[in-house]
A.B. asks: 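To start, I am sharing the structure in question, which I have written as structure tokens.
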Amino acid sequence: MSTPIGNLSDITLRALEVLRRAKRIACEDTRTTRKLLSAHGIATPTTAYHDHSDARARESLLRELRAGAAIALVSDAGTPLVSDPGFKLVRDALAEDLPVTSLPGPSAPLAALSLSGLPSDRFLFAGFLPPKAGARRKSLQEVGALQASLLFLEAAPRLAASLADMAEVLGPRQAAVARELTKLHEEVRRGALNDLADHYAAAGPPRGEIVVVVGPPEESGAPDAADLDSQLRSALRGSSLRDAAAIVAAASGLPKRQVYARALELSKEMGEGNSEEER
């Protein structure tokens, strides 16, 4: 079931009833969940269940479910299984035909999307990007051409670098950085990716949990031949042929094969030009 992402009042009446009636509450951190339970006068026993829980912990919960007990699964904040633990437990319960249901409620990615001012009719939640720059750019290349808003979670110390990589791979798209959602110091900063990257590089890491929403590729049409060549030349100066083509294809929405073919031609021209200069 979903739990508040910041404001303890953001809990449904149905969720409170289930938390009171459950035999046990499986949670990421018993101390965090206990704060929520104490605020609403709930004394149901808790047990830790998180990403590092082994098969024995999962089997213990399944054993209680087989006996007919009601187990409530919660994350520290938001909706379980959305970049949170619980998938293996739900998968194993379903494999045994044990009853599973969901109690909807708060979700940081959806809250950020609704506040971003960006298209919300089609979106992809991609969780956390890889911490290393090379892997992060590769992940961005994989999703960059989708005609959808992109939702990412990010840690504060990596925010500026991630935004800079997004600007390089995805181009000058509109984006929003949402943090401290539903809390006293809630903030949503909107602007072009490169401007947001510059802001956080200068201001330093912000506080709180962070969701980045990036708008879909512009629908104003593909770049003309001159613009395409300009983008490719710029990308080729700092990236391999394959990576440069992928970056420009993601930013422009053009087919990868078409962009790669042109990048190959330009790389040969640039190589010949360098040779002539050396002579």
Side-chain angles (χ1 to χ4, degrees), residues 1-22 24-51 70-87 90 101-120 123-128 149-159 162-163 175-191 196 199-200 203-214:
M1 72 177 64
S2 299
T3 55
I5 59 177
N7 191 317
L8 289 180
S9 297
D10 291 336
I11 185 81
T12 69
L13 296 176
R14 182 184 173 205
L16 291 175
E17 179 184 356
V18 170
L19 289 172
R20 289 192 179 97
R21 295 175 59 181
R24 187 176 308 282
I25 301 171
C27 45
E28 282 186 87
D29 188 323
T30 56
R31 294 165 299 180
T32 300
T33 301
R34 183 53 56 191
K35 294 177 183 178
L36 172 66
L37 300 179
S38 297
H40 296 284
I42 299 172
T44 305
T46 60
T47 188
Y49 185 78
H50 45 70
D51 275 339
I71 304 293
L73 173 67
V74 302
S75 61
D76 281 349
T79 302
L81 280 71
V82 179
S83 207
D84 279 314
F87 162 71
V90 170
T101 190
S102 173
L103 277 65
S107 171
L110 293 181
L113 178 62
S114 66
L115 291 172
S116 69
L118 297 168
S120 58
F123 62 90
L124 170 72
F125 172 65
F128 282 96
S149 291
L150 306 175
L151 281 60
F152 304 99
L153 302 179
E154 192 50 274
R158 295 197 300 264
L159 179 61
S162 288
L163 288 168
V177 176
R179 67 179 189 89
E180 295 288 81
L181 292 172
T182 77
K183 299 179 182 179
L184 179 63
H185 299 293
E186 175 180 284
E187 178 188 62
V188 182
R189 184 173 291 274
R190 306 170 183 85
L196 291 171
H199 169 78
Y200 287 106
R207 293 183 178 181
E209 303 294 327
I210 298 166
V211 182
V212 179
V213 184
V214 182

A.B. asks: Return the OG to CG distance between S38 and L8, rounded to the nearest 0.5 Å.
C.D. replies: 10.0 Å
A.B. asks: When you measure from the side chain of D76 to the backbone N and O of D29, does any donor-acceptor pair fall under 3.5 Å?
C.D. replies: yes
A.B. asks: Given the rule in the side chain to side chain contact (heavy atoms under 4.5 Å, CB included) test, do L163 and V212 qualify, once you have shown the distances and angles that lead to the verdict?
C.D. replies: CA-CA 9 Å; L163 288 168; V212 179; 4.0 Å; yes
A.B. asks: Using a cut-off of 6.0 Å, state whether more than 12 heavy atoms not belonging to E154 lie near its atom CD.
C.D. replies: yes
A.B. asks: Hey, does M1 have a side-chain heavy atom less than 4.5 Å from the side chain of L73?
C.D. replies: no
A.B. asks: Hey, is the main chain of S75 close enough, under 3.5 Å, to the side chain of T3 for a donor-acceptor pair?
C.D. replies: yes
A.B. asks: To the nearest 0.5 angstrom, please state how far the CZ atom of F123 sits from the CG atom of L150.
C.D. replies: 11.5 Å
A.B. asks: Taking the side chain as everything from C-beta on, heavy atoms only, tell me whether R158 gets closer than 4.5 Å to F128.
C.D. replies: yes
A.B. asks: Ignoring hydrogens and angles, tell me if any N or O in the side chain of S116 forms a donor-acceptor pair with the backbone of A176 under 3.5 Å.
C.D. replies: no
A.B. asks: Is there a side chain to side chain contact (heavy atoms under 4.5 Å, CB included) between V211 and F152 once you walk through the steps?
C.D. replies: CA-CA 6 Å; V211 182; F152 304 99; over 6 Å; no
A.B. asks: If only atom types and distance count, is the side chain of R179 paired as donor or acceptor with the main-chain N or O of P206 below 3.5 Å?
C.D. replies: no
A.B. asks: Please find the pair of heavy atoms, one from I71 and one from A26, that lie closest to each other, and give the distance.
C.D. replies: CG2-CB, 4.3 Å
A.B. asks: So does P119 get a backbone contact from the side chain of S149, meaning a donor-acceptor N/O pair under 3.5 Å?
C.D. replies: yes
A.B. asks: Using 0.5 Å steps for rounding, measure from the OG1 atom of T46 to the CG atom of L36.
C.D. replies: 11.5 Å
A.B. asks: Taking the side chain as everything from C-beta on, heavy atoms only, tell me whether I25 gets closer than 4.5 Å to V74.
C.D. replies: yes
A.B. asks: Testing the basics here: between L115 and E186, what is the closest heavy-atom pair and its distance to 0.1 Å?
C.D. replies: CD1-OE2, 4.0 Å
A.B. asks: Ignoring hydrogens and angles, tell me if any N or O in the side chain of T79 forms a donor-acceptor pair with the backbone of V82 under 3.5 Å.
C.D. replies: no
A.B. asks: Could you tell me if the side chain of I210 sits less than 4.5 Å from the side chain of L153, heavy atoms only?
C.D. replies: no
A.B. asks: For L124 and L151, what are the C-alpha separation, side-chain angles and deciding distance, and is it a side chain to side chain contact (heavy atoms under 4.5 Å, CB included)?
C.D. replies: CA-CA 6 Å; L124 170 72; L151 281 60; over 6 Å; no
A.B. asks: Kindly give the heavy-atom pair with the smallest separation between S2 and I11, and that separation in Å.
C.D. replies: O-CD1, 3.7 Å
A.B. asks: Any side-chain heavy atom of H199 sitting closer than 4.5 Å to one from R189?
C.D. replies: yes
A.B. asks: Answer yes or no: is there a donor N or O on one side and an acceptor on the other, between the side chain of S114 and the main chain of A111, under 3.5 Å?
C.D. replies: yes
A.B. asks: Closest approach of K183 and I5, non-hydrogen atoms and distance?
C.D. replies: CE-O, 3.7 Å
A.B. asks: What distance separates L16 CG from L19 CG, expressed to the nearest 0.5 Å?
C.D. replies: 6.5 Å
A.B. asks: Between T30 and T47, does a side chain to side chain contact (heavy atoms under 4.5 Å, CB included) hold up when you go through it step by step?
C.D. replies: CA-CA 7 Å; T30 56; T47 188; 5.8 Å; no
A.B. asks: Testing the basics here: between L181 and A112, what is the closest heavy-atom pair and its distance to 0.1 Å?
C.D. replies: CD1-N, 3.8 Å
A.B. asks: With a cut-off of 6.0 Å (strictly less than), are more than 12 heavy atoms of other residues, nucleotides or ligands near NZ of K35?
C.D. replies: no
A.B. asks: Only one of R20, R34, R21 forms a side chain to side chain contact (heavy atoms under 4.5 Å, CB included) with I42, so which one is it?
C.D. replies: R20
A.B. asks: Work out which heavy atom in R14 is nearest to a heavy atom in P104; give both atom names and the distance.
C.D. replies: NH1-CD, 4.2 Å
A.B. asks: Could you measure the distance from the CG atom of L81 to the CZ atom of F87? Nearest 0.5 Å is fine.
C.D. replies: 8.0 Å
